[in-house]
Amino acid sequence: MDRMDVIETIAGIQLPGHLHTAQSLQYAQEFQFQEGDIVIISYPKSGTTWMQEILTLIYSQGDTEVATSVPNWERAPWLEHTFFKDLLKEGEGPRIITTHLPSELLAPALQNSKAKVIYVARNPKDVAVSFYYFHKMAKFLPDFDSFTEFLQKFQDGQVHYGSWFQHVKGWYAQKTNLGLFYITYEALQKNFRHSLKKLCKFLGCPMYSRELDQIQNHCKFPVMSQNVMVNYTLIPHKIMDHDQSKFMRKGIVGDWKEHFTDEQNVEFDKLFQEKMSDCGLQFVWSLD
Ligand code: PPS
């Protein structure tokens with residue numbers, strides 16, 4: 001399969017060559033954002049697909065037609081992927097653009113644009129677990145022998161897409177500068193309706209209660225996990241092997257407790273303190 005074992009490296013960050021080339025990364029950094037563009041930014045496994053679905057439904061006034069007939073990567077394509085240019089449609093309402101690029105690579109292009117920027121973050125212990133399982137199913141990502149091995153690399157920032165700490169801190173530092181809307185996976189889980197209303201306000205999209213109900217129902221994990229337009233079952237088995245792990249795997253807060261040993265948890269908390277104490281960001285580790 002195409003470039004499955006190729007690694008693209010940019011600014012010291014490794015990315016899967018199956019999805020990225022030097023040219024596609026260059027194109028992303030020089031992209032001219034337009035007024036009306038909505039940009040979803042996230043570190044992988046943080047709730048990207050969930051946000052793509054929410055935005056699709058907001059801009060469809062709760063109508064599920066687009067969300068159930070067009071794959072998410074077509075309606076909210078990844079800016080840095082090789083197929084982005086072909087997928088981005090001009091002139092059909094707001095363009096929803098997705099990216100996993102870190103701030104040091106993309107913030108300059110967003111600096112003077114009027115794009116609306118949404119950053120989705122998730123607690124890094126659950127990100128690490130979700131990312132580990134994603135490595136098992138996504139054949140364009142390296143194999144790891146164990147979660148322990150993966151967690152060490154994740155903590156060291158030596159996984160594809162770079163350091164979670166740097167990604168979150170880097171973009172959070174742009175909050176005022178870019179007027180960025182910062183939201184967490186855990187906030188969506190805890191009070192979806194409240195988060196949805198705040199998001200609609202940020203986007204300047206007033207919604208009727210009935211529309212909010214439709215969005216809320218359609219974006220529930222059991223519904224989304226059955227939607228072939230977002231669960232990645234349309235991707236050939238040799239690229240994403242759903243027998244190894246589902247893309248829509250568990251969709252919960254706190255699954256890390258099933259995977260971290262006590263020692264790993266203590267070490268991770270220490271690292272989190274070291275890396276994050278200067279930015280003041282707090283994370284919810286469990287909803288119990
Ligand atoms: S990716 O590959 O970066 O686009 O992945 P991403 O979409 O950011 O993250 C995938 C995880 O998000 C979970 N997910 C959801 N959780 C709750 N509710 C809804 N609706 C939902 N949609 C996606 C998905 O299950 C992955 O998390 P894990 O923990 O692996 O289940």
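Both counts, for ligands and for their atoms, begin at 1 and track the order of listing.
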Practice prompt. Distance to 0.1 Å, residue and atom name: give those for the protein heavy atom nearest to atom 7 (O) of ligand 1.
Written response: T49 OG1, 2.4 Å
Response to the item:
Counting heavy atoms under 4.0 Å, the part of M224 that contacts ligand 1 is side chain
Fill in: No-hydrogen, no-angle side-chain donor-acceptor test under 3.5 Å, H100 and S42
yes
Discussion item. Is there a polar contact between ligand 1 and H100, counting only N or O atoms under 3.5 Å apart?
Written reply: yes
Worksheet item: If you draw the axis of the six-membered ring of Y27, does the NZ or CZ of K85 fall within 45° of it and under 6.0 Å from the ring centre?
Response: yes
Item to complete: Give a yes-or-no answer on whether the side chains of T148 and Q264 include a donor-acceptor pair shorter than 3.5 Å.
Response: yes
Item to complete: Evaluate the criterion ring pair (Phe, Tyr, Trp, His ring centres under 6.0 Å) for residue pair H167 and Y161; output intermediate values, then yes/no.
Response: CA-CA 9 Å; H167 202 281; Y161 298 92; 8.6 Å; no
Worksheet item: Taking heavy atoms and a distance under 4.0 Å, where does C219 meet ligand 1: side chain, backbone, both or neither?
Response: backbone
Worksheet item: Hey, is ligand 1 close enough to G47 that some N/O pair sits below 3.5 Å?
Response: yes
Discussion item. As an exercise, identify every atom of ligand 1 less than 4.0 angstrom from a heavy atom of M248.
Written reply: 22 (N), 23 (C), 25 (O)
Practice prompt. Could you tell me whether the side chain of F144 reaches within less than 4.5 Å of the side chain of F154, counting heavy atoms only?
Written response: no
Discussion item. Just to be sure I read this right, does ligand 1 sit under 4.0 Å from the backbone of H218, its side chain, both, or neither, counting only heavy atoms?
Written reply: neither
Item to complete: Examine V70 and I97 and state if one hydrophobic cluster contains both, with Ile, Leu, Val, Met, Phe, Trp and Tyr joined whenever side-chain heavy atoms are less than 4.5 Å apart.
Response: no
Discussion item. Heavy atoms only, cut-off 4.0 Å: how does P44 contact ligand 1, side chain, backbone, both, or neither?
Written reply: both
Worksheet entry | Same cluster (ILVMFWY, side-chain, under 4.5 Å), V223 and W50 | no
Practice prompt. Note the single closest protein heavy atom to atom 24 (C) of ligand 1, along with its residue, its atom name and the distance in Å.
Written response: F247 O, 3.9 Å
Practice prompt. May I ask you to check if ligand 1 and W50 share an N or O to N or O distance below 3.5 Å?
Written response: yes
Discussion item. For E8, run the side-chain hydrogen bond (donor to acceptor under 3.5 Å, both in side chains) check against H20, Q14, R3 and tell me which one passes.
Written reply: R3
Worksheet entry | Location of contacts on Y185 toward ligand 1, heavy atoms closer than 4.0 Å | side chain
Worksheet item: At what distance is the nearest protein heavy atom to atom 8 (O) of ligand 1, and which residue and atom is it?
Response: T48 OG1, 2.5 Å
Fill in: Spacing of CE belonging to M51 relative to OG1 belonging to T56, to within rounding of 0.5 Å
11.0 Å
Practice prompt. Pick, from F221, W256, Y232, W73, the option with the minimum heavy-atom distance to atom 25 (O) of ligand 1.
Written response: F221
Worksheet item: In chain order, what residues pass the ring pair (Phe, Tyr, Trp, His ring centres under 6.0 Å) check against Y172, with sequence neighbours excluded?
Response: Y182
Worksheet item: Judged by modelled atom types alone, do N177 and Q111 share a side-chain donor-acceptor pair under 3.5 Å?
Response: yes
Worksheet item: Looking only at heavy atoms, is any part of W78 under 4.0 Å from ligand 1, and if so is it the side chain, the backbone, or both, or is it neither?
Response: side chain
Discussion item. Any atom of ligand 1 sitting under 4.0 Å from a heavy atom of S46?
Written reply: yes
Worksheet entry | Which residue and heavy atom of the protein sit nearest atom 30 (O) of ligand 1, plus the separation | S130 OG, 2.7 Å
Worksheet item: When you measure from atom 29 (O) of ligand 1 to each heavy atom in K250, K45, R122, which option holds the nearest one?
Response: R122
Worksheet item: Between Q189 and ligand 1, which part of the residue brings a heavy atom under 4.0 Å of the ligand: side chain, backbone, both or neither?
Response: side chain
